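For reference, the structure discussed in these notes is given below.
Remember, it's 1-based here, ligands and their atoms both numbered in the order they're listed. Please read all numbers here as calculations on a predicted model, not as lab measurements.
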Amino acid sequence: MAERMKPLICFRNIGALIQIRPGPPPRLAIRKGCALLVRDGRVEKVVADSKISTRDVSITVDLKGKAVIPGFVDCHTHLVYGGTRKDEMEQRLDGASYLEILQQGGGILSTVKATRRETEDALFESARRRMRRMMTLGTTAFEIKSGYGLDLKTEMKMLRVGRRLRESLNVPVILTYLGAHAIPKGETVDAYFQFVMDHLPEFLPLADGVDIFCERGVFSVDQMVGLFVRAKELGFRQLRAHVEELSHQGGAFQAARLGALSCDHLEYASAKEIRAMAKTGCTAVLMPGVTCFLGGEKLPPVGKMLEAGVNIALATDCNPGSCPSYNMQTVLNLALSLYRLPPDRALIAATHGAAKALGGEKDYGGLLPGQRADFAVLRTGDYRDLFYYFGDNFVAETWLAGKKIQPEKIPAAF
Ligand code: NIG
Ligand code: FE
């Protein structure tokens, strides 16, 4: 069908349309009394309600004064996994730390055991239900990591599941190979790391990029540098890293220097890392749900990052150990209360800022003309209600490429 023959959908009577202007610095633009025109899954333009020409419009949707925001971009998740880690809640309250539980063979390694056991279809089904629930809560783009296999078979199984999710749900999904997530039971760090390096080329057809957990007792900064140099040579398009989460290792400086798209966590980042990230345009992905769930006290230096002009993104980290929540609305609430990010900045970080962490900011995250028409209709006309009445679900409808999704109820089990 010729472009101009495709039906024009008019979302009218929008109480407040929130778009993100890319900047720098990015800004929230709020337009009242306007209509959003969508053709072929993309935003065509925004016009005043009074200027709609009914002759051109094929379908009209009356949004009854509700606010419309760009869909959330969850740019850091481990949402394909088997089992749960509910027992660790009590272990932590009894004094065991996240790393101690891992070093005793629990933590990530217990999810590895459960994920290896699950069939590809079972993993796909549970991850699909989880993603559909996330979409119901307003998320319209995802990053998904492997990292619960630590062997070729299971890492590849996880990434194939990610690809099936991407193909079946019509949402942008970036896939990341995280073979360097933990050290399998009975192996040494160096031997396992060498295994990851030797088999890196086999993951090129399966993943958009690579990630590594850079931490004392896990992988070193030097190993991260080695992985990134090799990944770039091989043609992986995206580098990202779990860095400065539980201690300061300086990994974010090296990651930024090597052109990483994002550095994630960053609780212990120093001025040197912040400067390097600002200079290279590396996004800081912050996940307050982890701090909240693990009961941590250390917060990332958010004020200093903003002052230096670092692009900030918010994400859930959705995983069975450090943040089982998959709700970006909760992340917004926590960003306000823990990081003192004002609502406009937090919303920018959860949409445009996070799209930038995935290299997708031209395509989604801002609800601008030409971008995907992925958006959430709120229950009210004021987007700040998302922050104010915290704990409820303020997303009434989620639209993906101009199509309304059927809401997914909370599944009995993920
Ligand atoms: O981003 N830091 C390491 N990895 C994940 C947690 C994964 C897990 O505990 O299963 C994180 O917090
Ligand atoms: Fe993570």
Indicate, with yes or no, if the rings of F203 and H199 have centres closer together than 6.0 Å. no
Residue-ligand contact I108/ligand 1, heavy atom below 4.0 Å: yes
Under 4.0 Å from ligand 1, counting heavy atoms only, is it the side chain of E215, its backbone, both or neither? neither
Atom 6 (C) of ligand 1: nearest protein contact (heavy atom, Å): Y98 OH, 3.0 Å
Which atom of D317 approaches the Fe ion (ligand 2) most closely (N/O/S): OD1
Among all protein non-hydrogen atoms, which one is nearest to atom 1 (O) of ligand 1, and what is the separation to 0.1 Å? D317 OD2, 2.7 Å
Do any nitrogen or oxygen atoms of R85 lie less than 3.5 angstrom from nitrogen or oxygen atoms of ligand 1? yes
Any non-hydrogen side-chain atom of L358 less than 4.5 Å from a side-chain atom of V73? yes
What's the atom name of the N, O or S in H76 nearest to the Fe ion (ligand 2)? NE2
heavy-atom search around atom 4 (N) of ligand 1 in the protein gives H181 NE2, 2.9 Å
Those atoms of ligand 1 less than 4.0 Å from some heavy atom in H265: 1 (O), 11 (C), 12 (O)
Atom of H78 nearest the Fe ion (ligand 2) (restricted to N/O/S, atom name only): NE2
Who's closest to atom 7 (C) of ligand 1 heavy-atom-wise, of F293, F213, Y148? Y148
I'd like to check P22 versus H352 (side-chain heavy atoms, cut-off strictly below 4.5 Å). Are they in contact? yes
Electrostatic pair D151:K153 at N-O distance under 4.0 angstrom: no
Hey, is M287 touching ligand 1 through its side chain, its backbone, both or neither, going by heavy atoms under 4.0 Å? neither
Over all atoms of both residues, closest heavy-atom pair of P320 and R85: O-CB, 3.4 Å
Looking at atom 2 (N) of ligand 1, what's its closest protein heavy atom, distance included? E245 OE1, 2.8 Å
Distance (rounded to the nearest 0.5 Å) between S262 OG and I312 CD1: 13.0 Å
For the student: nearest non-hydrogen atoms of R166 and V173, plus distance: NH1-O, 2.7 Å
For E408 and T136, which heavy atoms make the closest approach, and how far apart are they? N-OG1, 2.8 Å
